[in-house]
Amino acid sequence: MDTIDRIFDRTVAEVIVREELEQKLRSGRKLRLKLGLDPSKPNLHIGHAIGLRKLRQFQELGHQIVLIVGDWTARIGDPSGRDASRTMLSAEEVQRNAETYMQQFNIVVDRSRTKVRWQSEWFGKFTLTDVFDLTSRFTMAQMMAHETFRKRWEEGRPLTLMELMYPALQAYDSVAIEADIEFGGMDQKFNILAGRDLQSSLGLPPQDVFLVPLLPGTDGRKMSKSFGNTIDLTDPPDQMYGKAMSISDAMLDEYLTLVSEIADAELEEIRHELARGTVNPRDVKMRLAHDIVRQFHGEKAAREAEAEFVRVFQQRELPSEIPVYECKDDQPIAIIKLLVGAGLAKSTSEARRLITQGGVRVNDEKVQDISAVIEPRDGTIVRVGRRRFVEIKRRDQ
RNA sequence: GGGCAGGUACCCAAGUGGCCAAAGGGGGCUGACUGUAAAUCAGCUGGCUAAGCCUUCGGUGGUUCAAAUCCGCCCCUGCCCA
């Protein structure tokens with residue numbers, strides 16, 4: 001297995017056209033790899049990391065990455081997989097988001113070997129004539145082949161003309177930069193293929209399509225910030241470890257395959273043991289969590305996060321670092337006020353509920369009385385549920 | 001431009017004069033249990049100075065003792081016709 005074969009490993013979903021791409025790779029030519037950046041959601045999670053790791057591999061083979069800042073397409077919002085239109089972003093938001101994105105992109109990919117191009121470089125000069133020329137190369141039937149568009153249409157949901165143009169714009173990017181390969185998740189298949197078609201239509205060599213699988217969220221649903229089931233690249237080690245431990249058992253295999261860097265042979269062994277029941281799934285999950293933290297924060301952080309997890313969740317001890325809540329004075333304070341003030345409850349009503357349900361502890365003693373009043377002493381620990389803690393400290397005048 | 005059907009809480013969705021802070025599901029939270037923040041089961045899930053009060057059902061103005069529910073106008077969406 002040479003370095004080129006390693007490009008086509010277990011984290012690849014589909015390559016169109018595989019033989020063509022292999023030929024390009026072996027030709028020794030320096031290739032231009034396109035990746036579109038969607039500045040409407042700048043936060044990168046470990047699902048994105050699958051594709052980014054691939055890009056780094058290509059970089060190591062000496063190829064050129066071109067990162068397209070989709071400042072025009074972001075204003076539309078990628079309709080793929082969406083059942084409702086999104087509100088348009090302002091130019092400033094796009095700028096800000098793009099910066100955040102590129103910082104996180106850097107965690108995995110070598111920035112110095114990445115060229116950044118903005119869509120406005122070409123779309124800023126677009127005239128209506130150009131729009132006609134572009135849109136005349138796609139038919140409604142082609143667009144309706146896109147499952148998202150078809151479903152929206154069939155279910156009678158709103159679908160704007162502007163959204164219909166999204167694939168065409170993304171396709172034109174490939175023309176503008178003369179991409180040899182475009183990268184994306186499986187949800188990008190349609191858009192990337194549109195680029196391939198458009199290039200051919202204009203007499204250019206068509207790009208190859210390199211697709212990585214979409215990683216489901218920790219709960220098995222689509223990984224999305226709004227579900228709160230992501231593991232972000234910027235998550236601190238403890239949180240990353242904990243989130244990895246919270247993936248449901250059903251997702252374990254997929255995560256091991258796509259996210260961990262455990263070697264194929266060993267992974268096969270782990271699968272057998274899981275199937276035979278000779279290993280505790282929890283321990284495999286710990287191995288996975290460790291591996292994930294290691295990739296993004298290093299071995300030392302991974303070991304520490306693991307120790308912390310064992311301490312807090314398995315032995316139910318206090319975490320090593322607890323947020324501090326400063327009290328203005330030493331006046332006794334109603335527990336409800338304290339919970340809200342320290343951000344442990346969103347409202348008084350919620351604080352009451354938490355107490356009634358037995359979820360509140362002060363210095364490890366359950367508080368049952370809604371009207372309880374406590375003396376704020378330095379070092380008093382207030383705990384809500386399993387995971388929320390606060391340590392009281394009096395502010396020195 | 002005309003006709004018809006819609007807009008309900010974080011999301012989906014019931015409710016068509018008082019019994020509505022509003023069914024049900026999802027999500028979230030808490031508890032029990034455990035093998036972990038997995039799985040399963042149970043409870044909770046607008047706010048407040050809290051057995052009472054206040055705000056919410058696209059917007060606004062009415063009718064009524066009483067409106068998510070009835071009426072007028074406006075905004076938004078879909079379907080059919082042009």
Side-chain angles (χ1 to χ4, degrees), chain A residues 81-88 149-163 216-232 235-256 273-274 277-293 305-319 333-337 339-341 343-361 364 366-373 382-389:
Chain A
R82 301 207 136 248
D83 53 10
S85 308
R86 248 193 313 221
T87 46
M88 293 202 275
F149 289 144
R150 194 176 58 240
K151 263 179 76 184
R152 289 256 291 271
W153 179 257
E154 283 167 358
E155 289 170 7
R157 294 172 182 281
L159 177 61
T160 65
L161 220 46
M162 180 185 76
E163 287 174 285
T218 51
D219 56 2
R221 290 181 294 165
K222 181 178 176 244
M223 191 177 263
S224 157
K225 197 176 175 179
S226 53
F227 289 146
N229 62 2
T230 67
I231 301 179
D232 296 333
D235 279 337
D238 286 349
Q239 214 178 329
M240 203 178 246
Y241 193 94
K243 283 181 176 180
M245 288 306 286
S246 82
I247 69 174
S248 57
D249 287 3
M251 294 293 107
L252 187 52
D253 191 78
E254 216 161 336
Y255 271 71
L256 286 167
E273 287 186 345
L274 278 171
T278 50
V279 66
N280 187 334
R282 183 200 55 186
D283 296 330
V284 175
K285 219 179 272 184
M286 286 176 81
R287 169 83 196 276
L288 170 68
H290 186 105
D291 191 79
I292 291 174
V293 178
E306 186 162 271
E308 181 80 354
F309 185 87
V310 169
R311 178 162 62 237
V312 178
F313 296 107
Q314 290 182 11
Q315 290 159 17
R316 300 207 189 193
E317 288 169 18
L318 294 175
I333 182 166
I335 183 70
I336 287 183
K337 294 257 185 228
L339 291 174
V340 176
L344 294 172
K346 281 201 288 289
S347 64
T348 0
S349 300
E350 187 179 274
R352 282 159 171 265
R353 263 178 241 129
L354 289 167
I355 295 168
T356 317
Q357 294 176 147
V360 175
R361 283 165 187 274
D364 221 33
K366 199 180 275 185
V367 177
Q368 308 265 34
D369 180 10
I370 288 176
S371 53
V373 169
V382 183
R383 175 176 197 166
V384 170
R386 238 353 160 52
R387 305 158 51 190
R388 283 176 281 169
F389 301 86

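Residue numbers start from 1 in every chain, and the chains themselves are labelled A, B, ... in the order their sequence lines are given, proteins ahead of strands. Everything quoted here is computed from the prediction, not taken from an experiment.
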Quiz item: Taking any strand in view, what nucleotide pairs with B/U69 in a Watson-Crick or G-U wobble way, both distances under 3.5 Å?
Solution: none
Quiz item: Would you say A/R311's side chain and A/P319's backbone share a donor-acceptor pair under 3.5 angstrom?
Solution: no
Practice problem: Whole angstrom is fine here: how far is it from CG in A/D249 over to P in B/U40? | Solution: 10 Å
Quiz prompt | Residue closer to the 5' end of RNA chain B, A/D219 versus A/M245 (nearest nucleotide) | solution = A/D219
Quiz item: When you compare B/G31 with B/C57, how far apart are their C1' atoms, in angstrom units rounded to a whole number?
Solution: 33 Å
Quiz item: Considering only heavy atoms and no angle criterion, is a donor-acceptor pair shorter than 3.5 Å present between the side chain of A/R316 and the base of B/U36?
Solution: no
Quiz item: What are the two closest heavy atoms between A/A305 and A/Y241, and how far apart are they?
Solution: CB-CB, 3.8 Å
Exercise. Sorted by first residue and then second, give each salt bridge (charged side-chain N to carboxylate O under 4.0 Å, His left out) pair with at least one member in residues 344-358 of chain A; sequence neighbours left out.
Key: A/K346-A/E350
Quiz prompt | A/R353, nearest nucleotide to its side chain (from B/A38, B/U36, B/C44) | solution = B/C44
Quiz item: Are any of A/S347's side-chain N or O atoms less than 4.0 Å away from OP1 or OP2 of B/G46?
Solution: no
Practice problem: Drop me the distance from A/L256's CG to A/K285's NZ, to the nearest 0.5 angstrom. | Solution: 10.5 Å
Quiz item: Taking N and O atoms by type only, does the side chain of A/Q357 place a donor or acceptor under 3.5 Å from a partner on the base of B/G43?
Solution: yes
Exercise. Nearest whole angstrom, please: distance from the P of B/U36 to the CD of A/E308.
Key: 16 Å
Quiz prompt | d(CD, A/Q368; C1', B/G43) in whole Å | solution = 15 Å
Quiz item: Within this structure, what is the OH-to-P distance between A/Y241 and B/A38, rounded to whole angstrom?
Solution: 15 Å
Practice problem: Please determine, for B/U40, whether a Watson-Crick or G-U wobble partner exists with both distances under 3.5 Å, and give it or none. | Solution: B/A32
Quiz item: OP1 or OP2 of B/G47 sitting under 4.0 Å from any side-chain N/O of A/S349?
Solution: yes
Quiz prompt | Nearest listed nucleotide, side chain of A/P281, among B/U36, B/G35, B/A50 | solution = B/G35
Quiz item: Roughly how far apart, to the nearest Å, are B/A66 and B/A51 at atom P?
Solution: 27 Å
Exercise. For B/U8 and B/U60, measure between their P atoms and round to the nearest Å.
Key: 16 Å
Quiz item: Can you check the A/K346 NZ to B/G28 P distance for me, whole Å?
Solution: 12 Å
Practice problem: Can you tell me, in whole Å, how much space there is between the P of B/C80 and that of B/G26? | Solution: 34 Å
Self-check item: Strand partner of B/G27, provided both Watson-Crick or wobble distances fall under 3.5 Å
Solution: B/U45
Quiz prompt | Base-pairing assignment for B/A5 (Watson-Crick or G-U wobble, both under 3.5 Å) | solution = B/U77
Self-check item: Identified salt bridge (Lys or Arg N to Asp or Glu O under 4.0 Å) partner of A/K243 from the options A/D219, A/D238, A/D235
Solution: A/D235
Quiz item: How far, in whole Å, is B/A23 from B/G15 if one measures between their C1' atoms?
Solution: 8 Å
Quiz prompt | Between C1' of B/G52 and CZ of A/R352, the distance in whole Å | solution = 12 Å
Quiz item: Which base sits across from B/C57 as a Watson-Crick or G-U pair, both distances under 3.5 Å?
Solution: none
Quiz prompt | Assigned partner base of B/A21, Watson-Crick or wobble definition, under 3.5 Å | solution = none
Quiz item: What integer distance in Å separates A/L354:CG from B/G43:C1'?
Solution: 13 Å
Exercise. Find the distance A/I247:CD1 to B/A39:C1' and express it as a whole number of Å.
Key: 13 Å
Quiz item: Taking atom P in both B/C79 and B/C70, what distance in whole Å separates the two?
Solution: 25 Å
Quiz item: With a 4.0 Å cut-off on heavy atoms, is A/G242 in touch with a base, just the backbone sugar-phosphate, or nothing at all?
Solution: base
Quiz item: When the C1' atoms of B/G2 and B/G28 are considered, how many whole Å apart are they?
Solution: 46 Å
Self-check item: Closest listed nucleotide, where the reference is the side chain of A/S248 and the choices are B/U49, B/U36, B/A38
Solution: B/A38
Practice problem: Please work out if A/R388 contacts a base, only the sugar-phosphate, or nothing of the nucleic acid, heavy-atom cut-off 4.0 Å. | Solution: sugar-phosphate
Self-check item: Between B/G6 and B/A13 - P atom distance, rounded Å
Solution: 13 Å
Practice problem: Tell me which nucleotide among B/G27, B/U36, B/U49 gets nearest to the side chain of A/F313. | Solution: B/U36
Quiz item: Checking A/R388 side chain against A/L344 main chain: does a donor-acceptor pair fall under 3.5 Å?
Solution: yes
Quiz item: Do A/I355 and A/D369 have side-chain heavy atoms sitting under 4.5 Å apart?
Solution: no
